[in-house]
Asker: 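Dropping a structure here in structure tokens format, bear with me for questions.
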Amino acid sequence: MKSLKLTALALAVSGLPLAAQAELKALDDSAMGGITGQAGVTIELETQVNIGEVRYTDEGTLAVSDVFIGGANRDDMFSELGFAIPNEATDLIDNIKINIDVLEDGDAAIDVFPLYGSPIDFAVRTGAWELRGDTDSTVIMDNLSIEGLATELKIRVDTATDKLNLKTRFAIDDMDVDVPFMAVGIRDLELTGAGYDDSPNIVTLGAIADIDVYKAPNGAGNDSLAVDLNTFDADMNIGGVLVGGTSIGSVAFDDLSIQNTQMRIYGH
């Protein structure tokens, strides 16, 4: 990656005067004991994921084919802003910087944000989502395509509560999907922050989600995976709802807010 090469070169050049003047000394045990990690770890990332098929098998099977996770390869998202959001149009998820820190109280803090000023563009696409039995099968979803931008992802693991908290800000410029067994389709779904419809700007662009993940008892008192959606605030516009291949109109949700939603997930 060009940015990594430039960073390495800059560090090497900046270190030359110090190397010329500094006297190298061995540190004894007491001096070593006074050194603690302060800055954490930073990772710059670019990647693309392709999976031929993902299968979950119980008695029958749910199979998802042709999974792609990468860059949107676009620089024209959210044209209603009146200016182009600067992105290098590639099919890689890039422009990602990850800061990882372990805080004084033991909490883990992971922050994912753009390496440069512009948001992180992403795309998720799949082929058929198919239920398979011994003799029959049903395609429940097909041609899923999501393209959008992310500006923030914060992950905290709290040692006092044993909870993982996830806060994210993201926007979907275009989502299409077919649901063949119901003859229904969704076209041109846009998801943005609450208030974006009334005032489109870069500040209101991202929908906000705040989620806790932890262990908690289910209704029977047994351990289960707990997922709490504390807050989800967004505007949503669906350009076309198809029934039988024909559009029956559009749908809009203004200032959609979902709060205090709890799930308990466990085997049966």
Side-chain angles (χ1 to χ4, degrees), residues 64 67-85 87 93 112-114 118-129 140-155 165-213 227-263 265:
V64 183
V67 179
F68 169 85
I69 303 172
N73 200 19
R74 293 176 52 193
D75 59 4
D76 60 348
M77 291 196 223
F78 300 102
S79 58
E80 64 271 11
L81 288 172
F83 59 88
I85 296 175
N87 281 307
I93 292 184
V112 182
F113 50 90
S118 59
I120 301 163
D121 67 286
F122 66 88
V124 178
R125 302 186 185 95
T126 75
W129 295 54
I140 57 173
M141 191 163 64
D142 202 358
N143 303 317
L144 173 66
S145 175
I146 303 172
E147 296 175 345
L149 300 170
T151 59
E152 180 181 279
L153 172 61
K154 292 183 177 181
I155 301 171
N165 177 258
L166 185 151
K167 293 179 181 176
T168 183
R169 188 184 294 266
F170 68 99
I172 295 174
D173 178 74
D174 183 56
M175 172 178 163
D176 302 322
V177 67
D178 294 318
V179 186
F181 81 106
M182 297 176 63
V184 171
I186 298 294
R187 295 292 182 270
D188 303 327
L189 182 150
E190 180 184 83
L191 181 74
T192 57
Y196 182 83
D197 281 353
D198 299 324
S199 178
N201 61 73
I202 198 69
V203 175
T204 59
L205 177 61
I208 298 173
D210 183 330
I211 301 168
D212 284 330
V213 182
V227 180
D228 294 350
L229 178 59
N230 303 316
T231 303
F232 178 75
D233 294 323
D235 284 346
M236 182 187 297
N237 293 285
I238 303 174
V241 178
L242 308 183
V243 177
T246 301
S247 175
I248 61 171
S250 61
V251 179
F253 298 89
D254 188 36
D255 294 339
L256 170 66
S257 182
I258 303 173
Q259 300 178 359
N260 302 320
T261 301
Q262 299 182 342
M263 291 187 293
I265 303 168

Asker: Which heavy atom in Ala194 sits nearest to a heavy atom in Asp235, and how many Å separate them?
Answerer: CA-OD1, 3.7 Å
Asker: Any non-hydrogen side-chain atom of Met175 less than 4.5 Å from a side-chain atom of Leu191?
Answerer: no
Asker: Would you call Thr151 and Leu205 a side-chain contact if the rule is heavy atoms closer than 4.5 Å?
Answerer: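 No. Closest side-chain heavy atoms not under 4.5 Å.
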Asker: Report yes if some heavy atom in the side chain of Ile69 is under 4.5 Å from a heavy atom in the side chain of Ile93; otherwise report no.
Answerer: yes
Asker: Could you grab the distance from atom CD1 of Ile172 to atom CD of Glu147, nearest 0.5 Å is fine?
Answerer: 10.5 Å
Asker: Check Arg169 against Gly206 and note the closest heavy-atom contact, atom names and distance.
Answerer: CG-CA, 3.7 Å
Asker: What pairs with Asp76 under side-chain contact (heavy atoms from CB on, under 4.5 Å), at least two apart in sequence or on another chain?
Answerer: Arg74
Asker: What is the minimum heavy-atom distance between Ala123 and Gly71, and which atoms define it?
Answerer: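 Looks like CB-O, 3.5 Å.
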Asker: Working note: Ile265 + Val227, criterion side-chain contact (heavy atoms from CB on, under 4.5 Å); need CA distance, chi angles, decisive distance, verdict.
Answerer: CA-CA 8 Å; Ile265 303 168; Val227 180; 4.1 Å; yes
Asker: Considering residues at least two apart in sequence or located in another chain, which fulfil the side-chain hydrogen bond (donor to acceptor under 3.5 Å, both in side chains) criterion with Thr126?
Answerer: Trp129
Asker: Could you pull out all residues at least two apart from Asp228 that satisfy salt bridge (Lys or Arg N to Asp or Glu O under 4.0 Å)?
Answerer: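 Salt bridge (Lys or Arg N to Asp or Glu O under 4.0 Å) list for Asp228, sorted by chain: Arg264.
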Asker: Output, in order, the C-alpha distance, side-chain angles, deciding distance and verdict of side-chain contact (heavy atoms from CB on, under 4.5 Å) for Asp173 and Leu149.
Answerer: CA-CA 8 Å; Asp173 178 74; Leu149 300 170; over 6 Å; no
Asker: Step by step, work out the side-chain contact (heavy atoms from CB on, under 4.5 Å) result for Asn165 and Asn230.
Answerer: CA-CA 10 Å; Asn165 177 258; Asn230 303 316; 4.1 Å; yes
Asker: Looking at Thr204 and Ser199, would you say the former's side chain and the latter's main chain have a donor-acceptor pair under 3.5 Å?
Answerer: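 Checking the backbone N and O of Ser199 against the side chain of Thr204, a donor-acceptor pair under 3.5 Å is found.
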Asker: Can you give each donor-acceptor pair under 3.5 Å made by side-chain atoms of residues 240-256, sequence neighbours left out, with the distance rounded to 0.1 Å?
Answerer:
residue : atom : partner : partner atom : Å
Ser247  : OG   : Gly249  : N            : 3.3
Asp255  : OD1  : Gly195  : N            : 3.2

Asker: Could you tell me the separation between the CD atom of Gln262 and the CG atom of Leu229, rounded to the nearest 0.5 Å?
Answerer: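 Here the interatomic distance stands at 10.5 Å.
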Asker: Between atom CD of Glu152 and atom CZ of Phe170, what is the distance when rounded to the nearest 0.5 Å?
Answerer: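 Result: 12.5 Å between the selected atoms.
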Asker: Would you mind reporting whether Asp210 and Ile208 have side-chain heavy atoms less than 4.5 Å apart?
Answerer: no
Asker: Give every donor-acceptor pair under 3.5 Å between a side-chain atom in residues 78-85 and any protein atom, sequence neighbours left out.
Answerer:
residue : atom : partner : partner atom : Å
Glu80   : OE2  : Tyr196  : OH           : 2.8

Asker: If you look at every heavy atom in Ser145 and Arg125, which pair is closest and at what distance?
Answerer: OG-NE, 3.9 Å
Asker: Applying salt bridge (Lys or Arg N to Asp or Glu O under 4.0 Å) as the test, list every pair that has at least one member in residues 187-205; sequence neighbours left out.
Answerer: Asp178-Arg187
Asker: Roughly how far apart are Thr261 OG1 and Ile211 CD1, rounded to 0.5 Å?
Answerer: 10.5 Å
Asker: Answer with yes or no whether the side chains of Asn143 and Asp176 bring together a donor and an acceptor at under 3.5 Å.
Answerer: no
Asker: Is there side-chain contact between Ile146 and Phe122, with at least one heavy-atom pair below 4.5 Å?
Answerer: yes
